[in-house]
Amino acid sequence: MKSFDDELRGELESLRAQRLERFLRPIDSPQGPRIRSCGRAFLNFSSNDYLGLANDERLKEAALRAIQEYGAGSGASRLISGSLRSHHDLEEALAAFKGTEAALSFSSGYATAVGAIGALAQKEDVVVIDKLAHACVVDGARLCGARLRVFPHNDVDQLEAVLKWADTRRGQAAATRRRRTLIVTESVFSMDGDLAALREIVELKERFGAWLMLDEAHATGIFGPNRRGLAEAFDLTDRVEIQMGTLGKALGAAGGFIAGSRALVDLLINRARSFIFSTAPSPVMAAAAKAAVELVASEEGAERQMELWARVDQLKNGLVNAGWRLPVVRAPIVPLMAGSEETALTWADQLRAAGVFAPAIRYPAVGRGQARIRLTVTAAHRADQIASLLQALGLCARQPEALPDRA
Ligand SMILES: *Cc1c(COP(=O)(O)O)cnc(C)c1O
């Protein structure tokens, strides 16, 4: 076994040399604005728990009730050992929340994307994705075997060119069924905190008869008058065929889902391999997520949404005043561009020394040389905690090697 380990160590050494090595930092507390790690307290600006629900009493109580009623495990795939009521309850709540005919839950957002893309596109089809799409979209698009085309981030002219190409391809050769074109994009981009050009994309996909799958991982629960996501905020919900979301971010639990028509959900039950060939998520997770969906849809959800935007505005205004260049849109993901991996790691270390937990994001989560600190704000943060973060960032920026990219 020695040569096996030596070979792997060599690979790790190469990652370390490029400043791309990662390791896990144990956390000894629930998620929240304050966390404990290795005996120290930190202000947490790293979590996607945007509405502060991950440690909410009502989610925990729902989880406890589910464990009493259904136990800890789900036994098998839902098509094998029967489909627990807790999952149906969650899916009914999701469909009501999203205003769709139906919804289907998966064990993660990652599994949702891979399963749904594979169910909808095959070898003879074309999948078109934004350059900055999440890894699960890239993997799903590669795995399904369709022709993959990537357009530069939010470049709708390039998207149009790709759709034109796919359209001419469609007419060629005798196909057993209509060749499909599936566009997949995030609504709020996970590492950049900017928004998809959704109106233009929807118009293009309609003009070319393509389908749109919208990954609302970072928008579900926080955008739109009913917090359904960015499609709702842009009044485009009825024009997006496949709406995807996660249960693990603003919804505070874990898992993923697709919301859409009954036909879409029925097809996924029959064709999505990550759904079919995987043990159903624990009933505990389904119950916690259902409690979260109901909470987000309620008046309290609206209040938390407002608190979140107040904190986001506070942080972004503070940063802009301090000379940082930020995406102009309003989103709780705030990237502080460092450029080199080295600089991002130095900033993260300095923040940690100042008691702030915020990760250095590096390749392959972002491009090489595009390293950054990714700050995330939640409704649970208090104004004084944002002020402490701004103060800590001021300390970092004062280091000569850590000067931000000033406009
Ligand atoms: C986090 C994320 C996912 C994956 O969701 P998980 O539930 O964490 O597996 C999918 N898409 C985007 C854009 C994400 O940020």
Side-chain angles (χ1 to χ4, degrees), residues 24 31 46-51 53-54 59 87 90-91 94 103-118 127 129-144 150 153-154 182-196 198 201 212-223 229-231 240 242-259 272-275 278-282 284-286 288-290 292-293 296 327 329 331-335 359 361-362 364-367 372 374-378:
L24 295 170
Q31 278 297 312
S46 65
S47 163
N48 301 321
D49 178 24
Y50 297 121
L51 295 177
L53 296 182
L59 270 68
H87 296 112
L90 167 62
E91 286 157 358
L94 280 168
L104 188 68
S105 62
F106 291 72
S107 52
S108 70
Y110 185 98
T112 306
V114 171
I117 295 170
V127 176
I129 67 176
D130 186 285
K131 177 82 172 77
L132 295 188
H134 191 267
C136 64
V137 169
V138 176
D139 294 358
R142 285 189 182 146
L143 205 59
C144 76
V150 180
H153 179 48
N154 259 343
L182 175 66
I183 306 169
V184 192
T185 183
E186 278 160 67
S187 58
V188 175
F189 283 83
S190 61
M191 296 298 143
D192 292 75
D194 63 347
L195 311 182
L198 208 50
I201 292 173
L212 177 60
M213 173 164 155
L214 189 63
D215 178 354
E216 298 252 39
H218 294 279
T220 308
I222 62 179
F223 279 88
L230 198 68
V240 179
I242 308 120
Q243 301 186 56
M244 171 186 156
T246 63
L247 303 169
K249 287 165 181 163
L251 292 170
F257 69 90
I258 296 285
R273 293 170 65 86
S274 62
F275 177 85
S278 187
T279 299
S282 159
V284 177
M285 254 328 114
K290 175 178 177 266
V293 169
V296 167
V329 296
I333 300 164
V334 181
I361 302 287
R362 293 163 289 158
V366 295
R372 66 201 63 181
R374 175 181 182 269
L375 300 171
T376 44
V377 188
T378 74

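In listed order, ligands and their atoms are each counted from 1.
Without hydrogens or angle criteria, R374 side chain to S190 main chain gives a donor-acceptor distance under 3.5 Å. Side chain of S274 to backbone of A111: a donor-acceptor contact under 3.5 angstrom is found.
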Worked check of side-chain contact (heavy atoms from CB on, under 4.5 Å) between I117 and V184: CA-CA 9 Å; I117 295 170; V184 192; 4.2 Å; yes

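Within 4.0 Å of ligand 1, heavy atoms belong to protein residues S108, G109, Y110, H134, C136, E186, S190, D215, A217, H218, M244, T246, K249, G255.
Annotation: side chain of E216 is in contact with side chain of L230 (closest heavy-atom distance under 4.5 Å).
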Would you list the atom pairs, donor with acceptor, under 3.5 Å between side chains in residues 131-143 and any protein atom, with sequence neighbours excluded?
residue: H134; atom: ND1; partner: C136; partner atom: N; Å: 3.1
residue: D139; atom: OD2; partner: Y110; partner atom: OH; Å: 2.5

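For H153 and D194, the side-chain atoms include at least one donor-acceptor pair closer than 3.5 Å.
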